[in-house]
Amino acid sequence: MLHDEQLNSKKIKLINFISFLIGFSQATVVYVFSTYFKDSSGTENVGIFYFVAYLFVLIFLLNLHKAVRKLGKSNVFYFSILAKIVVMVFLILLPPSWYSIPFLALYMVLVALIWTSLDVILESFSADKVSGRVRGLHLTIFNAGFLLGPLVSSQLMSNIGFSGIFLFSLVVDAFVLVFSLIGFRNVNHVFKQKLGVIEVIRKVFKRKDVMRIYWVSFALEFFYALMIIYTPIYLLDLGMSWQQIGLIFTLMLLPFVLIQYPAGILADKKMGEKELIIFAIVFMVLATLSVFFLNSMSVLVWGSVLFATRIGAALVEILRDSYFYKRIDGHDVDLINFFRTATPLGYIMAAIFSSVLLFFLPLKFVFILIALILFLSLYQAIKLDDNKCEKEIVKEGE
C-alpha cells in the first residue's frame, strides 16, 4: 500500500525534544495517582476512579478527529497543554479530597489528548520505510524523560508532598507550551474526512491487521494500567518507602531507553515486527507471573523482576507502533485516534476486572490477571500479516 508521506528530520527532532519534556512531566505525576486517590477517597480499591476517568478519555479520543478537522493538529495540541497547566494550578491549590478528584481525572484526559495529538503530528513528518527507527527513537527519548520522573517524584513526595510534584510538572509543561508554540507555528494540518464514531469503528474493523495490532496494544495497556495503579500500593503495603520505590521504578524503566531504538532498527532492516511481538508477549507473561511469587524486600530483587517485565513491554510498545504506522499514513487521523483508544479501553477494563477481583482475592492476584490477558493476546499476534523488512524487499528485487 502506497502512502502519501514525506520525511522531515528537523520537525522530528523538535517533536522528540518536546516528547522528552512531556515524558518527564508525566512521569513525576503518574506513579502517585493511585496514592493520591487513596488519600482523597480513603479506599485502596482505586479501580472505580480509573474506570470513570478513562471512560471520558475514550469518549474524547473517539471524537478527537473532529476537533482536528475544525482546529488543526497543532492547535489541538496547544489547547490541551494549556488546559493541563490550568488543571495543575487547581491540583496545587487543593489538598487531596473529593473536590480535587475531578481535576485529577481531567488531567488524565488531557494527557491522552496531548500524547495522541503529538502522535498525529509526528506521523505527518515520518515515512513507512523508516517507521521503526523514527518511532523507536521517539519512544526512547520520551522514555528517557519518563525514566527521570520516579526519582524526582519520590524526592518531592518525601520532602514536600503532592503539591510539590504538581508544581514541578506545571513548570515543565510551561516549557513544553513555549517550545511547541515556537516550533509548530507553521504546522497546522487540518483533517478533511468527515466520519462519525460508528463509521470510524466500521472502517477499522474492515482492516483486519489494524484490528489485530489494536488488540495487542490493548493487552499492553491493560498491563500498564494495573502495574501503574497497583504496584506502588503493593510495595507500600509491603513496607517499602517512597525513596525505595523511586529507585525500583527507575531501574524498572531502563529497558524503554535501552532497547526500543535498536528494536525499531531491527524491525525495519532485518525482520518484520510479528516474530518479535510474539517473543515479547511470551516474555512478559513469564516475567509478570514471577511477580506473584516474589516475597522479597530487596530493592535490587524487585527492580530486577520489574525490569524483566518491562523488557517485554518495551519491545511490544515499539513494535506495535512500528507495525501500525506502516499500515497507515499521516492523513489517517481517525485511525490514529482510534488506535490510541487502546489506552483508555485497557484502563477501563483493568479497572473493572481488578475491582471485582479485589473483592474476593488479595492484591497480589492482580499479577495473575495481567499475565492471563497478555497470554490471550498471543492469538492476535500470531494472526498478524508481517510487514516486509528492507532485507526481504531487497531479496525480492534480486
If you measure from OG on S19 to CG on L139, what distance do you get to the nearest 0.5 Å? 7.5 Å
Could you tell me whether R340 and D321 make a salt bridge, using a distance below 4.0 angstrom between a side-chain N and a carboxylate O? yes
Does a side-chain heavy-atom distance below 4.5 Å link Y36 with L91? yes
A side-chain contact here means heavy atoms from C-beta on lying under 4.5 Å apart; do L251 and L306 qualify? no
Closest approach of L110 and S80, non-hydrogen atoms and distance? CD2-O, 4.0 Å
Counting only heavy atoms not in Y234, do more than 12 sit closer than 6.0 Å to its OH atom? yes
CA sep, side-chain torsions, deciding dist, call: K84, L106, side chain to side chain contact (heavy atoms under 4.5 Å, CB included): CA-CA 8 Å; K84 182 167 173 261; L106 186 55; over 6 Å; no
Connected via hydrophobic side-chain network under 4.5 Å: F162 and Y99: no
Rounded to the nearest 0.5 Å, what's the gap from CE on M88 to CG on D173? Could you check? 6.5 Å
Find out whether L238 and W302 are in side-chain contact, i.e. whether some heavy atom of one side chain is under 4.5 Å from a heavy atom of the other. yes
Taking the side chain as every heavy atom from C-beta outward, state whether S377 and W215 have any atom pair closer than 4.5 Å. no
Less than 6.0 Å separating the ring centroids of F142 and F20? no
Check the pair E317, R310 against salt bridge (Lys or Arg N to Asp or Glu O under 4.0 Å), reporting the backbone distance first and the verdict last. CA-CA 10 Å; E317 185 174 78; R310 268 40 175 207; over 6 Å; no
Can the ring centres of F367 and F292 be said to be less than 6.0 Å apart? no
With a 4.5 Å cut-off on side-chain heavy-atom distances among I, L, V, M, F, W and Y, is there a chain of contacts connecting L345 to Y379? no
Is there a side-chain contact between I245 and L236 (heavy atoms, below 4.5 Å)? yes
In short, L61 meets A112 closest at the heavy-atom pair CD2-O, 4.1 Å
How close do V301 and S296 get, counting heavy atoms only, and between which atoms? CB-OG, 3.7 Å
Would a distance-only check, ignoring hydrogens and angles, find a side-chain to backbone donor-acceptor pair under 3.5 Å from Q26 to G23? no
Aromatic plane relationship, Y325 with F339 - under 30° parallel, 30 to 60° tilted, over 60° perpendicular: perpendicular
Can you tell me how far CG of L122 sits from OG of S117, rounded to the nearest 0.5 angstrom? 11.5 Å
Which heavy atom of A225 sits nearest to which heavy atom of A350, and what is that distance? CB-CB, 3.7 Å
What orientation do F175 and F179 show, parallel under 30°, tilted 30 to 60°, or perpendicular over 60°? parallel
Go through the steps for V176 and S25 under the test side chain to side chain contact (heavy atoms under 4.5 Å, CB included), then give the verdict. CA-CA 9 Å; V176 170; S25 170; 5.8 Å; no
Pick from F166, Y107, F103: which one makes a ring-ring contact (aromatic ring centres under 6.0 Å, His included) with F90? F103
Any idea how F283 and F279 line up, ring-wise: parallel (<30°), tilted (30 to 60°), or perpendicular (>60°)? tilted
With sequence neighbours left out, the residues meeting side chain to side chain contact (heavy atoms under 4.5 Å, CB included) with L58 are L62, T341, P344, I348
Sequence neighbours excluded, which residues qualify as side chain to side chain contact (heavy atoms under 4.5 Å, CB included) partners of L378? I278, I281, V282, F375
Side chains of Q380 and Y214: donor-acceptor distance under 3.5 Å anywhere? no
Taking all non-hydrogen atoms of both residues, which atom of I228 and which atom of P232 are closest, and how far apart? O-CD, 3.2 Å
Hey, mind stepping through S355 and F51 against side chain to side chain contact (heavy atoms under 4.5 Å, CB included) and telling me if it holds? CA-CA 10 Å; S355 296; F51 172 80; over 6 Å; no
Under the criterion side-chain contact (heavy atoms from CB on, under 4.5 Å), which of D237, L235, L363 is the partner of Y230? L363
Give, for atom OG of S217 and atom OH of Y323, the distance between the pair rounded to the nearest 0.5 Å. 13.5 Å
Donor-acceptor pair, side chain of D209 and main chain of D385, under 3.5 angstrom: yes
Got a second to check how far M211's CE is from F218's CZ, nearest 0.5 Å? 10.5 Å
Are L294 and L361 co-members of a hydrophobic cluster defined by side-chain heavy atoms under 4.5 Å apart? yes
Qualifying residue, where the test is ring-ring contact (aromatic ring centres under 6.0 Å, His included) with H138 and the options are Y261, F256, W115: W115
Tell me whether I382 shares a hydrophobic cluster with L319, the cluster being built from Ile, Leu, Val, Met, Phe, Trp, Tyr side chains joined at under 4.5 Å. yes
Step by step, would you call T343 with Y224 a side chain to side chain donor-acceptor pair (under 3.5 Å)? CA-CA 9 Å; T343 299; Y224 283 148; over 6 Å; no
Run the side chain to side chain contact (heavy atoms under 4.5 Å, CB included) test on V109 and Y54 for me, step by step, so that the C-alpha distance in whole Å, both residues' side-chain angles and the decisive distance to 0.1 Å come before the verdict. CA-CA 7 Å; V109 171; Y54 277 98; over 6 Å; no
Test item: side-chain donor near acceptor, T288 and T309, under 3.5 Å: no
Side chains of Q260 and T140: is there a donor and an acceptor less than 3.5 Å apart? no
Using a strict cut-off of less than 4.0 Å between a Lys/Arg side-chain nitrogen and an Asp/Glu carboxylate oxygen, indicate whether E273 and K326 qualify as a salt bridge. yes
Side-chain heavy atoms of I114 within contact of F77, under 4.5 Å: yes
Straight-line distance of N295 CG to M297 CE, nearest 0.5 Å: 11.5 Å
Contact summary for S290 and V305, nearest pair of heavy atoms: OG-CG1, 3.5 Å
With the side chain counted from C-beta on, respond yes when K364 and V291 share a heavy-atom pair under 4.5 Å apart, and no when they do not. no
Looking at side-chain heavy atoms only, is the closest gap between L156 and T28 below 4.5 Å? no
